[in-house]
Amino acid sequence: GIQVEQSPPDLILQEGANSTLRCNFSDSVNNLQWFHQNPWGQLINLFYIPSGTKQNGRLSATTVATERYSLLYISSSQTTDSGVYFCAVGGNTGKLIFGQGTTLQVKP
Amino acid sequence: DAGVIQSPRHEVTEMGQEVTLRCKPISGHNSLFWYRQTMMRGLELLIYFNNNVPIDDSGMPEDRFSAKMPNASFSTLKIQPSEPRDSAVYFCASSLAEYYGYTFGSGTRLTVV
């Protein structure tokens, strides 16, 4: 099956800093999504992005499907950005395989 | 829309008891997914339905687990009998179709003692 690798596993930032999270996957995908799991455990969908670039406020994501990676950019980080960021990918079936996540802590 | 609704939010049960977790997907969504999250294994897909039909249940751990979707607005995940290793957070998610963004419910935290 498809393998998903996220880096870095942990990240500590000062409020206001920018960061880039990376997701590598082992095979071609038809589905790629980024999620944020907040400290209360809620999973929030950030982007559905099997290819191309999208932006939503301070967050943006780029997927280069031919090179099998995706990047999530967080600009001007805030303490509310803390939590775990998951990349999830899917191939020809409808199911998503989740990476192990990047744990982000933003300090005031 | 109220989003994906799961119940109960927390469940504590004794080993050997039957546990039923419930999920109401977003109206109009045709795909429904059950995931389990643990520290050791992360987020694992247990089973997913498309138009109320189970498509892939290869992630269901063993025969003690079963899932149903009797109609487009309701799904259950049942564990019988429950064991301590089933303790985890169980999430339900729905999407418009197989290749669209997922919306997750708030999850059910299950503790089996």
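Every chain is numbered from 1, with letters handed out A, B, ... down the list of sequences.
Contact annotation for B/L43: both backbone and side-chain heavy atoms come within less than 4.5 Å of a heavy atom of chain A. Contacts of B/Q37 with chain A are made by side-chain atoms alone, with heavy-atom separations under 4.5 Å and no backbone atom involved. For B/R41, the part lying under 4.5 angstrom from a heavy atom of chain A is the backbone only.
Residues of residues 45-67 of chain A that come within less than 4.5 angstrom of chain B, heavy atom to heavy atom, are A/N45, A/Y48 in numerical order.
With respect to B/Y35, the ring pair (Phe, Tyr, Trp, His ring centres under 6.0 Å) criterion is satisfied by exactly one of B/F104, B/F91, B/Y90: B/F104.
The local environment of CG in B/N71 is crowded, with over 12 non-hydrogen atoms from other residues, nucleotides or ligands closer than 6.0 Å. The environment of B/R109 atom CZ is sparse: at most 12 non-hydrogen atoms of other residues, nucleotides or ligands sit within 6.0 angstrom. Sparse packing is recorded around CD of B/E14, with 12 or fewer heavy atoms of other residues, nucleotides or ligands lying under 6.0 Å away.
Closest heavy-atom contact between A/S82 and A/H36: O-NE2, 2.8 Å.
No donor-acceptor contact under 3.5 angstrom links the side chains of A/N18 and A/S75, judged on distance only.
Residues B/L77 and B/M60 are in side-chain contact: their nearest non-hydrogen atoms beyond the backbone lie under 4.5 Å apart.
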